[in-house]
Amino acid sequence: MSVLLFVHVKAFSLLSFFSLPLWFSLIILCYFSFSPLCFSEEDPKKSSASQHASINVIFFGTLAKDFSRSVSQGDMVLLAGFTISKSPTEQTDRLHPCHLEMSGPDACLCVCSSTVSSSSGSSAHRNIYVPLNELKPRRIVNVYGVVTFFKQPFPTKGTDYCSTLKITDQSNAKVGCTIFSERLEDHPKIFRIGDVIRLHRVKTQMFNGSMTLLTSLGWSTVTFDGMLDSPVEPRTSSRTFHFDEADKRVVEALRQWASSQSLLASEPTVPLSSVQPKMYFDLTCQLLAKACMDSRCMLLKVWDGTKCEHPLINVTVAPDALEGEPTNSQDRENLTANILVYDNHVEVARTLKPGMFLRLYNLHAVPQRAPGQPHDVPCHLGFHLHGGTSYGRGLCSIPSDNPDLLTLKSQAEKLASEKEVNDGTLLEVWYTPPEAIGKGLKRNPRLTFFPFVYSGLTCGHTLQQRSLAHVKRCTPPAFHHVCAQVKSYKPQNLYQCLKLFCPQCTTIKEVPDDEFIAQVFQEALRGSCQPCSEHWAVTSSVDSIQLDRAITMHVSCDMVLENTQSQLLFLQGVTLDETCVISAAHKNVVPVRSEERRMRLLDLSAPFLFCERKRYYGCKQCSQSSFVEPEVSGVEVWDEHNVAKALGVQLMQYVLLLKFELEDETGTVEALLWEDAERFFHASSADIAASQEMQDKVQTIMDRLQPPGSSMAERPWLELCLIAYTVEEDGRTQVCYQITNTETREDLWARP
DNA sequence: GGTTAGGGTTCG
């Protein structure tokens with residue numbers, strides 16, 4: 001029987017099972033009408049959609065392996081050549097009574113990525129959502145709802161974290177949901193009551209006479225802000241998920257309904273200026289500093305830009321115990337709330353970094369009076385996040401573009417500008433002298449409210465900070481300290497900032513791309529058919545009929561007994577790709593060509609040396625045109641410097657070169673980041689050239705300094721040391737600026 | 001192949 005099935009991948013997992021090498025379970029949503037002989041006699045359109053809409057498919061062996069690599073949740077899949085068996089899990093998963101086995105010789109399939117299928121406008125695989133008042137027990141369902149109660153994920157006694165929430169919809173039914181996942185990032189990102197949540201493949205279950213929803217195999221979730229006019233942006237950690245116009249309409253309808261029900265009537269959180277003693281409240285704030293008090297208690301020093309009308313307690317800790325900037329001046333202004341976080345919340349608090357924006361739920365404002373303090377003295381407020389999760393007690397970090405942070409940001413800016421007007425200087429609020437900090441801190445202790453300063457000086461100068469206008473007025477050469485934002489930077493494609501620099505002749509050139517290098521290898525192949533023969537080398541050659549050429553390896557006689565990791569290997573008759581493969585197993589590979597049977601290096605436009613993933617280039621102008629015999633005696637360990645020397649090559653260095661347009665209130669300055677770029681990024685240029693991870697790190701830092709699509713107001717301030725100098729060009733003297741002795745902060749290196 | 005939790009103030 002020949003049956004084709006066109007299906008939509010709902011979930012899958014890769015498992016090893018008893019003696020089978022691999023088997024693959026896939027739960028899919030059928031939307032193509034299939035042969036009535038195979039399945040139920042019902043018209044699929046009439047059958048209960050939620051009951052038989054999904055079917056298990058099991059893959060075996062290499063098909064399972066290949067399929068798992070190419071498929072994503074939400075993809076459309078065409079299946080053929082399967083066998084149909086009775087599903088042993090029908091009673092438990094309530095899916096189709098049959099399952100499909102992709103095991104025979106005829107089993108084959110085609111995966112169409114979900115991006116393609118959704119762009120084709122197909123709506124046939126649309127999910128079915130059950131209104132909350134129509135849920136029946138023991139089903140796997142998809143639902144939408146508005147959150148009326150939630151707890152941040154907390155650890156269970158089992159293996160998972162648990163999120164507890166209650167949702168409702170236009171039917172007014174209220175349904176509790178329990179979400180289990182050992183990965184915190186998979187839990188729904190709920191920030192406030194009124195958020196809209198979508199749950200896929202959750203199990204209905206009666207508990208204490210009420211309907212509840214529980215995560216089941218292949219579940220997923222997406223959440224949305226519940227505000228009427230905010231953009232419908234899915235919050236999810238999922239790599240692939242389906243979201244279309246129909247979903248958007250559902251979210252908008254729920255928002256509309258929620259607003260009519262006043263589900264979002266109250267402000268999500270209370271500003272510090274409105275907090276009264278003994279209150280339990282939610283707080284939106286920025287973390288300034290934190291300190292570990294003991295194993296069950298952590299201090300968070302936060303602010304929200306408003307001033308509490310009651311005096312706040314100040315918890316002092318040793319400066320070296322404090323992570324983040326000291327808050328002395330804010331403390332004096334009654335702007336910092338000292339929050340003691342207890343027990344189960346310490347785990348989350350530990351992961352927080354100063355500068356992050358936070359939301360704390362069910363924070364307790366505790367009036368505290370020192371023993372013996374007279375009763376006419378106003379009591380001070382301290383804040384406790386008690387242990388436990390009652391009333392949703394907990395904390396989480398929130399993204400910096402959360403709309404509820406607008407007040408905090410505008411207050412912060414207002415406060416900063418007031419200070420500037422009143423004091424004529426920002427020194428008091430914006431700067432704490434280094435001697436007040438203690439010896440432990442290496443970086444500059446500059447203190448700001450918002451945005452956070454993302455870099456620090458290492459120059460040791462005690463220069464006063466200057467405006468950019470002042471810097472431009474001064475006569476070079478000179479050092480300056482400035483505080484500025486990044487208006488723009490070049491090159492925007494960061495791989496282009498990597499250059500090759502010859503320390504001998506100071507030439508700077510671009511790093512060639514693979515296409516160009518491959519051409520240089522091809523040219524060498526065309527010109528050298530005969531293996532070269534050198535008296536100092538042991539040569540072995542492999543003739544490949546398939547490749548129509550010989551690949552030849554040469555190793556210096558002196559090194560032939562050493563292991564391949566320490567040998568210097570000369571390779572002839574290879575392409576760039578082959579060189580890359582071979583250099584993965586050899587530490588030092590030098591591609592060579594033959595010129596009248598004599599060994600010659602390739603054109604120095606290509607790397608002369610491959611060391612695992614690193615490539616090294618020589619300077620065309622400063623290297624010897626040819627070598628007779630490499631100088632190998634006396635070399636203990638071969639590195640790029642020794643190899644270059646032995647071959648008479650002038651090694652070029654990898655350097656980073658960026659041009660920043662810096663801006664402060666007084667003007668803009670273009671400054672290069674070059675000689676101190678490695679220090680700035682905490683990464684060596686050679687490592688950046690060879691490692692995707694390091695390139696990502698640089699990109700992350702740049703994205704934090706100039707977040708894509710951000711306004712100037714949203715960008716962080718950088719404290720920078722600039723050197724001003726002159727260069728002669730075309731008989732004209734030009735003033736240049738370079739960023740020097742400046743490091744970005746460690747917390748920028750990790751992607752937020 | 002499917003535990004855990006199943007909202008309802010700590011006690012510092």
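Order of the sequence lines fixes the chain letters, A, B, ..., with proteins taken first and strands second; residue numbering starts at 1 for each chain.
Checked by atom type, the side-chain pair A:R139/A:T204 shows no donor-acceptor distance below 3.5 Å. There is no side-chain donor-acceptor pair under 3.5 Å between A:T284 and A:D404. For the residue pair A:S273 and A:K307, no side-chain donor N or O sits within less than 3.5 Å of a side-chain acceptor on the partner.
On the P atoms, B:dT10 is 14 Å away from B:dG6, given to the nearest whole Å.
Lacking a ring centre under 5.5 Å from that of the base six-membered ring together with a plane angle below 30°, A:F180 does not count as stacked on B:dA5. Between A:Y342 and B:dG12, a base-stacking contact is recorded: ring centres under 5.5 Å apart, planes less than 30° from parallel.
Nucleotide B:dT9 holds its P atom 19 Å from the CZ atom of A:F281, rounded to whole Å. Per the geometry, CZ belonging to A:R296 stands 13 Å off P belonging to B:dT10, to the nearest Å. Separating the NZ atom of A:K203 from the C1' atom of B:dA5 is a distance of 13 Å, rounded to the nearest angstrom. Per the geometry, CG belonging to A:L165 stands 12 Å off C1' belonging to B:dA5, to the nearest Å. Put simply, CG on A:L340 is 17 Å from C1' on B:dT9, counting in whole angstrom units. The interatomic distance linking A:H364 (NE2) with B:dT9 (P) rounds to 13 Å, in whole Å. Nucleotide B:dC11 holds its P atom 19 Å from the CZ atom of A:F383, rounded to whole Å. When rounded to the nearest whole Å, the span between CZ of A:R393 and C1' of B:dC11 equals 11 Å.
Residue-to-nucleotide proximity on DNA chain B shows that, of A:S390 and A:D343, the 5′-proximal contact is made by A:S390.
Distances from the side chain of A:C162 to the nucleotides B:dA5, B:dT9, B:dG6 place B:dA5 closest. Picking from B:dG6, B:dT9, B:dG7 the nucleotide with the shortest atom distance to the side chain of A:F154 gives B:dG6. Distance from the side chain of A:D160 is smallest to B:dT3 among B:dG6, B:dT3, B:dT9.
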Distance-only donor-acceptor hits, side chain of residues 345-355 of chain A, under 3.5 Å, sequence neighbours excluded:
| residue | atom | partner | partner atom | Å |
| --- | --- | --- | --- | --- |
| A:H345 | NE2 | A:H386 | O | 2.9 |
| A:H345 | NE2 | A:G388 | O | 2.9 |
| A:E347 | OE2 | A:Y161 | OH | 2.5 |
| A:T351 | OG1 | A:V348 | O | 2.6 |

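Counting non-hydrogen atoms under 4.0 angstrom, A:G176 reaches nothing in the nucleic acid. At a threshold of 4.0 angstrom between heavy atoms, the contacts of A:N208 with the nucleic acid are absent. Within 4.0 Å of A:F150, counting heavy atoms only, lies no atom of the nucleic acid at all. Within the nucleic acid shown, A:T156 comes within 4.0 Å of at least one base atom, counting heavy atoms only.
The phosphate of B:dT9 (OP1 or OP2) has no side-chain N or O of A:K278 nearer than 4.0 angstrom. Between A:K151 and the phosphate of B:dG6, there is a side-chain N or O to OP1/OP2 separation shorter than 4.0 Å.
Just one residue in the list A:L254, A:V175, A:T148 forms a side-chain contact (heavy atoms from CB on, under 4.5 Å) with A:T168, and that residue is A:T148.
A salt bridge links A:D247 with A:R198: the closest approach of a Lys/Arg side-chain nitrogen to an acidic carboxylate oxygen falls below 4.0 angstrom.
Regarding the sugar-base torsion, B:dG7 falls in the anti class, its angle being beyond 90° of 0.
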